[in-house]
Amino acid sequence: MAFRASVESGNVLLRFIVRVGRESLGLVSTFGAMAIFFFFGFINIFRRKQIAEIVSHTYSIGARSSLIVMLVGLFTGMVLGLQLFYTLVKFGSVGALGSAVSLSLIRELGPVLTAIMITARAGSAMAAEIGILRISEQIDALYTMRIDPVRYLISPRIAAAIISFPILTAFFDLIGIFGGYISGVLLLGTNAGTYLYRVQFPVDIVDVRGGFIKALVFAVIVSTICCFQGYFCHMRPQGFGAKAVGLATISAVVISCVMILISDYVVTSFLM
Amino acid sequence: MDAGMPIMELRGVTKQFGDKTVLDGINLKIYENQVTTIIGKSGTGKSVLLKHIIGLLKPDEGTVLYRGKPLSAMKRDDREEFRSHISYLFQNNALLDSMTVFENVALPLRQTTNLAKKEIETRVKKKLEDLELADASYKYPSELSGGMQKRVALARALVTDPAIVLFDEPTTGQDPIRKNMILSMIVHYKKRFGYTTVMISHDIPDVFFISDRIVILWEGKVGFEGTYEEAVRLKHPMIDEFLRSLEGFEDELTGLLSREAFRVHYGAMLGGVAVQSTISAALFSVEFDLLSDALGPLAALEVLRALADYTNKHFGSVGAFSARHSRDKILTIFPHTSADEAKQLVAEFAKQLEQDGLPKIQSSAQKTVGAEACFEVYVLAGVTDIGPSDEINTIIEKAQANQTIVATHRCDAGGSEG
């Protein structure tokens with residue numbers, strides 16, 4: 001108590017350290033809670049009666065996101081083609097355009113941008129939907145009906161994300177390479193044969209595998225964070241009811257995006 | 001009224017939210033096949049108490065026991081077993097609003113049982129029909145009225161054939177007829193399926209008529225536990241005041257006086273009338289439970305309302321006043337009237353009731369029993385003198401002893417069933 005009193009009246013530095021300590025502890029416990037949440041969500045995927053739910057969520061998270069992912073993939077590829085063309089021209093190595101486009105897409109941009117797009121489209125929806133179920137006591141109702149809410153609501157979404165992310169990433173890569181073809185070959189006049197040959201020449205199975213590993217990691221991160229934020233939106237200290245759902249959705253999207261980029265660095269450094 | 005071992009028991013249950021103690025050492029027993037009603041001012045932790053019974057909340061201190069076994073010490077399978085026997089009806093219904101009515105009711109069966117698809121469909125359809133929801137099967141909860149949503153929630157709670165059903169203010173926000181319908185339904189299905197009912201409700205007086213035990217929560221503690229009659233007899237000032245505050249001037253369902261208002265009226269009349277003046281009383285009743293079982297709760301309510309309506313209109317002009325003293329018993333006091341005169345009044349009244357009042361209910365009754373079925377409704381009445389010092393309970397007993405059937409209504413459909 002004496003310590004607390006001295007902190008409250010104490011100097012700025014002490015208060016700062018206390019604050020940092022408290023926030024860090026909160027952060028660690030949140031990550032721990034998320035890990036446990038994911039664990040239960042994941043093992044419950046393999047329970048009975050899950051197939052129908054998983055299929056329906058794969059449809060809404062995966063299939064319904066495919067168009068937007070492909071659109072973004074197309075323009076990302078086109079921009080890459082454009083930018084890399086003018087960079088490579090300076091070094092007289094336009095022939096490497098195909099390699100540059102395909103490698104940057106498969107290793108890096110494909111998984112990351114796909115994950116961010118799905119977060120924006122489906123992750124926000126997960127958080128908001130589950131948040132509303134929570135505040136209107138529908139999750140409690142599931143519990144009273146002996147339906148485990150984690151099994152019924154969370155597991156299918158995690159499973160759907162794990163299925164959808166790699167497939168959508170593959171779509172993104174493919175369309176992106178095609179986008180590079182449009183800008184590099186059709187608009188700027190690089191040789192088509194060289195571009196297509198150089199697309200496949202340097203790409204190793206290691207690159208493709210790395211891209212998929214990233215996609216899987218992002219799937220786990222995005223689905224866990226978004227579901228977690230919605231599921232525990234009633235425990236937010238800053239707001240209740242509809243406001244809590246709004247805040248949960250914001251946190252879900254922001255934390256997911258940040259975590260995608262952080263984990264991207266970590267995974268890349270392991271893969272290199 | 002102890003019925004052996006309680007099916008559920010709370011021992012010293014305490015719960016705090018932050019600094020606020022919501023439940024403060026609650027001791028409570030719930031007996032099998034009884035209707036236990038929890039009442040109390042808002043914010044006294046009624047819903048929290050109910051959530052402890054089903055295990056949605058865990059007590060900070062104390063234990064919750066099911067058939068003598070503490071829930072906290074149960075093995076996983078035993079707890080699942082316990083939970084399969086208990087249903088909860090939320091105050092706000094908590095229907096899954098992105099699913100249709102049918103899917104909502106089917107959900108517990110689909111997710112927790114291994115029944116075949118066909119079987120689930122049959123059961124759900126049956127339940128929806130029982131609760132007059134067949135037309136709403138493919139609507140979404142937001143497309144339904146409050147009353148219908150409540151019935152969907154009830155259908156969902158009952159579709160698993162539970163042993164205990166917890167009702168958190170099942171009648172809130174309903175009109176008087178629907179309120180009574182819901183209460184009737186609870187009792188009706190209770191009889192049919194034999195579930196134990198725990199309910200939070202403030203529907204005075206009807207909730208008292210159907211409750212076996214009443215628990216009054218008072219500042220996080222059990223202030224009273226027993227029958228309604230005991231609560232009234234106890235004359236505890238706080239309980240008395242609370243009960244009176246619940247009971248308005250008028251009986252919502254019938255438009256008659258409330259029991260409390262009736263008591264005041266009666267007291268005032270005894271004070272005002274000269275001693276030699278004669279007073280008499282009549283007790284009217286319909287066999288509500290029989291009617292409800294045979295014709296459905298709506299038709300039974302119509303009969304009751306028709307009776308109350310007629311009593312009000314007919315006897316109001318001679319200065320008489322009436323109130324319901326149990327679910328289906330109406331007591332009318334005739335000031336300045338001897339018992340013989342009262343008998344005559346009652347006879348005239350019965351004749352008119354038979355001619356105009358009862359036939360009206362036929363159409364609504366036929367909806368539930370079918371046009372070809374034959375049914376019979378009868379009204380009982382008993383007249384008695386009142387002594388100057390008679391208590392209301394004494395009058396009821398005296399009048400009940402004199403009751404005979406005064407009006408009957410038989411359907412005139414074929415009469416094939418001799």
Side-chain angles (χ1 to χ4, degrees), chain A residues 40 43-57 59-61 64 122 125-157 159-160 227 230-238 240-242 245, chain B residues 17-18 47-48 50-58 76-77 79-99 103-115 117 120 141-142 149 152-162 164-168:
Chain A
F40 283 112
I43 55 169
N44 276 310
I45 292 174
F46 308 103
R47 289 286 192 83
R48 291 160 57 236
K49 301 185 187 259
Q50 291 287 54
I51 302 292
E53 286 298 311
I54 292 175
V55 168
S56 100
H57 285 291
Y59 174 70
S60 68
I61 295 173
R64 300 281 298 269
M126 278 186 220
E129 258 181 63
I130 295 174
I132 287 172
L133 293 177
R134 167 62 78 188
I135 60 162
S136 55
E137 290 188 305
Q138 296 178 48
I139 289 181
D140 287 344
L142 287 174
Y143 178 84
T144 65
M145 289 187 275
R146 270 197 323 141
I147 301 170
D148 178 2
V150 171
R151 174 184 73 73
Y152 183 68
L153 297 172
I154 309 303
S155 302
R157 286 177 165 85
C227 290
Y231 197 80
F232 293 108
C233 75
H234 64 306
M235 295 200 177
R236 301 185 79 84
Q238 310 95 324
F240 296 98
V245 177
Chain B
F17 291 120
S47 293
V48 174
L50 227 50
K51 284 179 180 167
H52 276 89
I53 296 176
I54 197 171
L56 264 176
L57 294 172
K58 295 198 169 50
R76 199 192 151 94
D77 287 350
R79 202 165 349 172
E80 281 295 300
E81 165 82 10
F82 156 69
R83 286 180 50 199
S84 72
H85 293 311
I86 186 161
S87 275
Y88 190 103
L89 201 82
F90 282 79
Q91 195 170 348
N92 66 359
N93 304 328
L95 294 171
L96 292 161
D97 43 23
S98 51
M99 289 186 179
E103 288 169 331
N104 260 290
V105 179
L107 187 70
L109 294 180
R110 280 181 181 161
Q111 290 291 326
T112 62
T113 66
N114 292 320
L115 296 172
K117 212 174 155 191
I120 291 178
S142 58
Q149 287 182 10
V152 176
L154 187 59
R156 190 177 69 177
L158 294 180
V159 76
T160 48
D161 297 335
I164 306 176
V165 185
L166 310 179
F167 296 89
D168 190 350

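Note that the structure is predicted; figures quoted are calculated from it, not measured. Numbered from 1 within each chain, the chains take letters A, B, ... in sequence-line order.
Contacts of A:Ile139 with chain B are absent, with no heavy-atom separation under 4.5 Å from either backbone or side chain. Within the 4.5 angstrom heavy-atom criterion, no atom of B:Gln91 approaches chain A. Of the atoms belonging to B:Leu89, not a single heavy atom falls under 4.5 Å from chain A. In this structure, chain A has a heavy atom under 4.5 Å from the backbone of B:Arg110, while its side chain stays farther away. Heavy-atom distances place no part of B:Leu166 under 4.5 Å from chain A, backbone and side chain included.
Put simply, CG on B:Leu96 and OH on A:Tyr152 are 6.5 Å apart, with the number rounded to the nearest 0.5 Å. Expressed to the nearest 0.5 Å, how far CG of B:Leu56 lies from CD of A:Glu137 amounts to 8.5 Å. The line from CZ of B:Phe90 to OG1 of A:Thr144 is 4.5 Å long, rounded to the nearest 0.5 Å. Here the OG1 atom belonging to B:Thr113 is positioned 9.0 Å from the CZ atom belonging to A:Arg146, to the nearest 0.5 angstrom. A:Gln138 contributes atom CD, which lies 10.5 Å from atom CG of B:Asn93 (distance to the nearest 0.5 angstrom). B:Gln111 CD to A:Arg48 CZ: the interatomic distance, rounded to the nearest 0.5 Å, is 10.5 Å.
Of the residues considered (A:Leu142, A:Asp140, A:Asp148), A:Asp140 shows the highest number of contacts with chain B, using heavy-atom pairs under 4.5 Å. When each of A:Met145, A:Arg151, A:Glu129 is checked for heavy-atom pairs under 4.5 Å with chain B, A:Met145 comes out on top.
Counting non-hydrogen atoms of neighbouring residues, nucleotides and ligands closer than 6.0 angstrom, the CZ atom of A:Phe40 reaches no more than 12 such neighbours.
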